[in-house]
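Notes for the one structure printed next.
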Amino acid sequence: MIQDNKSLYTIKTSNYNIKLINSEETHAVRHPILRAGQPKKSCIFEGDNLETSVHLGIYIHDEIIGVCSFFKNYNKNILIANQYQLRGMAILKNFQGKGLGSKMLNYGEKLLKGKQTEIIWCNARENALGFYKQLDYNTIGAPFDIASIGIHYIMFKNL
């Protein structure tokens, strides 16, 4: 249940639902959070529609409030064969800081572990390092800049 108290939201986790979604459904959250001010097409990622790609949405009632995507993608800095890349992790601003991103990512990790995935990695934005570190992700290599987005770090987690 969402209650409006001076623009602060209280979320009772018994009312959230995490489910598999298609890539187009991710755009409602990807665009305002990850690609604000950029064209809508910037929300379309290479590999979005591959059979091996996994997209999750977290909902409160029927409202999508967060998304993440996992792509079967190999990072040359990680010498493990069965790996997935996390991309497009985003929670709408009014719902950030409530533990919902962690719940969604944990759900995705369990799902991928069931597919014999050994490692998940991502290009984490500098401002998201703390979030991933709390979930036992580690950095590898030097920071790098992604044009028009900012400084990123490669982070990974063994499953």
Side-chain angles (χ1 to χ4, degrees), residues 2-21 25-38 42-43 45 47-48 53-60 63-80 82-113 117-159:
I2 304 170
Q3 298 172 346
D4 192 359
N5 293 338
K6 297 180 184 177
S7 299
L8 297 176
Y9 289 91
T10 302
I11 299 171
K12 295 182 180 178
T13 56
S14 62
N15 290 326
Y16 75 85
N17 184 21
I18 300 170
K19 62 183 180 178
L20 291 168
I21 60 174
E25 291 173 285
T26 67
H27 301 175
V29 180
R30 277 185 189 171
H31 190 254
I33 301 303
L34 301 176
R35 300 291 192 264
Q38 296 183 33
S42 68
C43 295
F45 297 163
D48 261 344
S53 298
V54 176
H55 305 283
L56 296 177
I58 188 165
Y59 290 77
I60 295 211
E63 179 185 359
I64 190 166
I65 59 161
V67 297
C68 66
S69 299
F70 299 92
F71 300 89
K72 186 134 183 80
N73 196 6
Y74 182 77
N75 185 308
K76 65 182 179 188
N77 298 306
I78 302 169
L79 303 176
I80 294 175
N82 197 5
Q83 47 180 284
Y84 264 78
Q85 179 184 9
L86 166 66
R87 289 196 68 195
M89 177 81 189
I91 300 288
L92 292 176
K93 286 191 190 297
N94 288 339
F95 300 96
Q96 292 177 4
K98 312 233 183 260
L100 297 172
S102 298
K103 290 180 188 319
M104 186 171 49
L105 188 50
N106 288 333
Y107 183 94
E109 290 170 358
K110 288 177 187 168
L111 184 73
L112 290 174
K113 191 171 185 172
T117 301
E118 297 174 74
I119 199 162
I120 294 176
W121 65 275
C122 65
N123 294 325
R125 292 176 186 224
E126 191 170 35
N127 65 354
L129 288 177
F131 169 78
Y132 290 110
K133 284 181 180 180
Q134 285 181 328
L135 296 170
D136 298 322
Y137 282 75
N138 298 292
T139 57
I140 186 172
F144 58 96
D145 188 52
I146 296 179
S148 75
I149 299 174
I151 300 297
H152 284 69
Y153 292 79
I154 297 172
M155 297 192 81
F156 70 96
K157 181 177 183 176
N158 293 306
L159 296 182

So, the side chain of Q83 versus the backbone of I78: is there a donor-acceptor pair under 3.5 Å, distance only? yes

Closest approach of T26 and S69, non-hydrogen atoms and distance? CG2-OG, 4.0 Å

So which heavy atom on M89 is nearest to which on G101, and how close? CE-O, 3.2 Å

When rounded to the nearest 0.5 angstrom, what is the spacing between CG in L86 and CZ in F156? 14.5 Å

Just by modelled atom types, is the I91 backbone N or O under 3.5 Å from a matching donor or acceptor in the Q96 side chain? yes

Do F71 and H55 touch side chain to side chain, with heavy atoms closer than 4.5 Å? yes

Expected output: side-chain R35 to main-chain C43 donor-acceptor under 3.5 Å: no

Less than 4.5 Å apart, side chain to side chain, heavy atoms only: is that true for K93 and I33? yes

Taking every heavy atom of Y74 against every heavy atom of I80, the minimum-distance pair comes out as CE1-O, 3.7 Å

Hey, mind stepping through F131 and L105 against side-chain contact (heavy atoms from CB on, under 4.5 Å) and telling me if it holds? CA-CA 11 Å; F131 169 78; L105 188 50; 4.1 Å; yes

Do L129 and M155 make a side-chain contact, defined as non-hydrogen atoms from C-beta onward lying under 4.5 Å apart? yes

So, do N123 and Q85 sit near enough that their side-chain heavy atoms are less than 4.5 Å apart? yes

Go through it in stages, so that I can follow the logic: the residues are K72 and V54, the test is side-chain contact (heavy atoms from CB on, under 4.5 Å), and I'd like the CA-CA distance, side-chain angles, deciding distance and then a yes or no. CA-CA 9 Å; K72 186 134 183 80; V54 176; over 6 Å; no

Exercise: identify the closest heavy-atom pair between Q38 and H31: O-NE2, 2.8 Å

Here the gap from N138 atom CG to N158 atom CG, rounded to the nearest 0.5 Å, amounts to 8.0 Å

At their closest point, which heavy atom of L111 faces which heavy atom of L56, and how far apart are they? CD2-CD2, 4.5 Å

Are the side chains of N94 and I65 in touch, meaning some heavy atoms are under 4.5 Å apart? no

Verdict with reasoning, L92 to I64, per side-chain contact (heavy atoms from CB on, under 4.5 Å): CA-CA 9 Å; L92 292 176; I64 190 166; 6.0 Å; no

Between OH on residue Y84 and CG on residue N73, distance to nearest 0.5 Å: 10.5 Å

Roughly how far, to the nearest 0.5 Å, is NE2 of H152 from CG of N127? 8.5 Å

Nearest 0.5 Å please: distance from the NZ atom of K110 over to the CG atom of L112. 12.5 Å

Heavy-atom closest pair, residues L34 and G88: CD1-CA, 3.4 Å

Please tell me if the side chains of E63 and F95 come closer than 4.5 Å, counting only heavy atoms from C-beta onward. yes

Cation-pi check, K157 to Y132: give yes when NZ or CZ is under 6.0 Å from the six-membered ring centre and within 45° of the ring axis, no otherwise. no

Under a 4.5 Å cut-off applied to non-hydrogen side-chain atoms, are E109 and L159 in contact? yes

Determine whether I21 and Y59 make a side-chain contact, defined as any pair of heavy atoms from C-beta on separated by less than 4.5 Å. yes

Just do the side-chain contact (heavy atoms from CB on, under 4.5 Å) check on E25 and V67 with the steps written out, would you? CA-CA 9 Å; E25 291 173 285; V67 297; over 6 Å; no

Could you grab the distance from atom SG of C122 to atom CZ of F70, nearest 0.5 Å is fine? 9.5 Å

